[in-house]
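These notes are about the structure you will find just below.
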Amino acid sequence: MTKPILVTGGTGTLGREVVRRLLAAGQDVRVLSRHSRPEADREPYAWATGDLSTGAGLDAALAGTGTIVHCATAQGRHKDVEATRALVDAAKRAGGPHLVYISIVGIEQVPFSYYRAKVDTERVVEDAGLPWTILRATQFHDLVTALSAAQRFLPVTLMPAGFRFQPIDAGEVAGRLVDLATGSPAGRVPDLGGPEILTARALAKSYLEATGRRRVVVSLPLPGAAARAVREGALLTPGHADGKRTYTEFLRDRFGRGKP
């Protein structure tokens, strides 16, 4: 009988997909959340209430697990690192399950606090003394969409000039994580990127077309080293454009409009 797989961040965009695919594969799944299980939730997974920021409840949540898929994230450089350190400490007490961590392509090249936190968190995973696997992926379709959706009440849509993204479907990233979680620890595995590299301007225009909105897209120059690194392609992985679902297909499925 296989040991349970614990998913942190199991109620988020990526975590939900990981949980769904693990269940479809017949795995015993346990979801970690700070909150109590909603009464309406009847999904066939176990629920563990625990707080990564304080460590409360983690020992019970990790008891008997064979693998952790760590999808939870926190804003703030130290919060993400400390949360993962609390998870690692509890994992050691639980017998050393395989820790699978999802990270972001190009983070060491972009001097941005959230990305620096991811670099530091990767080091916590690597140095934990646990069996581990780290997958880096490019930005999800959902995140790219949110950049435009947040501006839906503005008369124009602002996008950073010269920025390019390689958006990928969260479900495809979840599929790779499930493969890794049900396999042997592999260390740092090849990056996973979307099938296309597109400018922020083109992505915004696709969103506007799919949602039937008429807006002018204005390219906004951004100063600083972080913006320069993104313009130079730090967040791209053209050699690993393994994703299949395009951004246009994502938008069509989400909004029911756009080109076939």
Side-chain angles (χ1 to χ4, degrees), residues 1-75 79-80 83-84 86-91 93-103 130 133 135 137 139-146 149-150 167-183 192 211 243-245 249-256:
M1 185 174 181
T2 59
K3 293 183 177 181
I5 297 176
L6 179 74
V7 181
T8 75
T11 60
T13 298
L14 177 61
R16 285 195 304 269
E17 286 290 332
V18 170
V19 168
R20 183 179 67 81
R21 289 167 185 256
L22 284 170
L23 290 172
Q27 296 295 322
D28 183 0
V29 181
R30 190 180 298 171
V31 172
L32 176 68
S33 174
R34 291 195 307 265
H35 309 290
S36 299
R37 187 169 190 165
E39 291 185 6
D41 186 351
R42 296 291 184 268
E43 294 297 323
Y45 46 67
W47 188 276
T49 302
D51 193 335
L52 289 169
S53 64
T54 65
L58 294 187
D59 286 338
L62 283 159
T65 56
T67 303
I68 305 165
V69 183
H70 187 24
C71 298
T73 189
Q75 295 295 328
K79 289 181 180 180
D80 224 0
T84 301
L87 180 67
V88 162
D89 289 343
R93 294 192 295 270
H98 175 197
L99 177 56
V100 180
Y101 180 59
I102 179 64
S103 191
L130 298 170
T133 302
L135 170 68
Q139 283 65 36
F140 299 159
H141 292 319
D142 309 73
L143 175 61
V144 172
T145 297
I168 189 165
D169 185 70
E172 293 180 340
V173 178
R176 178 70 67 84
L177 286 172
V178 167
D179 289 342
L180 295 170
T182 54
L192 179 59
T211 56
K244 304 300 181 187
R245 192 182 187 203
E249 290 169 340
F250 167 83
L251 291 172
R252 187 172 66 245
D253 293 341
R254 172 71 62 89
F255 299 109

(request) Dump the intermediate steps for salt bridge (charged side-chain N to carboxylate O under 4.0 Å, His left out) on Glu17 and Arg21, then the final yes or no. (result) CA-CA 6 Å; Glu17 286 290 332; Arg21 289 167 185 256; 3.6 Å; yes
(request) For the pair Phe140 and Leu14, evaluate side chain to side chain contact (heavy atoms under 4.5 Å, CB included) and give the outcome as yes or no after the intermediate values. (result) CA-CA 9 Å; Phe140 299 159; Leu14 177 61; 3.9 Å; yes
(message) Between Gln27 and Thr2, does the side chain to side chain contact (heavy atoms under 4.5 Å, CB included) criterion hold? Intermediate values first, please.
(response) CA-CA 8 Å; Gln27 296 295 322; Thr2 59; 4.1 Å; yes
(request) Take Thr67 and Leu6 through the test side chain to side chain contact (heavy atoms under 4.5 Å, CB included) and record every step on the way to the result. (result) CA-CA 6 Å; Thr67 303; Leu6 179 74; over 6 Å; no
(message) Please determine whether side chain to side chain donor-acceptor pair (under 3.5 Å) holds for the pair Thr84 and His70, giving the CA-CA distance in whole Å, both sets of side-chain angles, and the decisive distance to 0.1 Å.
(response) CA-CA 8 Å; Thr84 301; His70 187 24; 3.0 Å; yes
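Rounding to the nearest 0.5 Å places CG of Leu52 at 10.0 Å from OG of Ser33. Distance NZ/Lys244 to CD/Glu249: 11.5 Å, rounded to 0.5 Å. Here OH of Tyr45 is found 12.5 Å from CZ of Arg20. Values are rounded to the nearest 0.5 Å. If you take CG on Leu192 and CD on Glu172, they are separated by 7.5 Å, rounding to the nearest 0.5 Å. Here Arg176 contributes atom CZ and Ile102 contributes atom CD1; the two are 9.5 Å apart, rounded to the nearest 0.5 Å. We find the CZ-CG distance between Arg93 and Asp59 to be 4.0 Å, quoted to the nearest 0.5 Å.
The backbone N or O of Pro38 lies less than 3.5 Å from no partner atom in the side chain of Trp47, so there is not a single donor-acceptor pair. Judged by distance alone, the side chain of Thr65 and the main-chain N or O of Ile5 form no donor-acceptor pair under 3.5 Å. In this structure, the side chain of His141 does not engage the main chain of Leu251 through any donor-acceptor pair within 3.5 Å. Proximity of a side-chain donor or acceptor of Arg30 to a complementary backbone N or O of Ala48 within less than 3.5 Å is not detected.
When all heavy atoms are compared, the tightest approach of Ala91 to Leu62 is N-CD1, 3.6 Å. The nearest pair of heavy atoms linking Glu43 to Arg37 is O-NH2, 2.6 Å. The two atoms that bring Ala72 and Thr8 nearest to each other are N-OG1, 3.1 Å, heavy atoms only. Residues Ala181 and Val69 come closest through the heavy atom pair CB-CG2, 3.7 Å. In terms of heavy atoms, Ile168 sits closest to Gly243 at CD1-CA, 4.2 Å.
Each of Leu32, Leu87, Val100 was scored for a side-chain contact (heavy atoms from CB on, under 4.5 Å) with Ile68, with one residue passing: Leu87.
No side-chain donor from either of Asp142 and Thr13 sits under 3.5 Å from a side-chain acceptor of the other.
A salt bridge does not link Lys3 to Asp28: none of the charged side-chain nitrogens sits closer than 4.0 Å to a carboxylate oxygen.
The side-chain heavy atoms of Val29 and Pro4, taken from C-beta on, include no pair separated by under 4.5 Å. Residues Val18 and Cys71 have side chains in contact (heavy-atom distance under 4.5 Å, counting atoms from C-beta outward). When side chains are defined from C-beta on, Thr133 counts as touching His98, because their heavy atoms get closer than 4.5 Å. Between Val144 and Phe250 the shortest side-chain heavy-atom distance does not fall below 4.5 Å.
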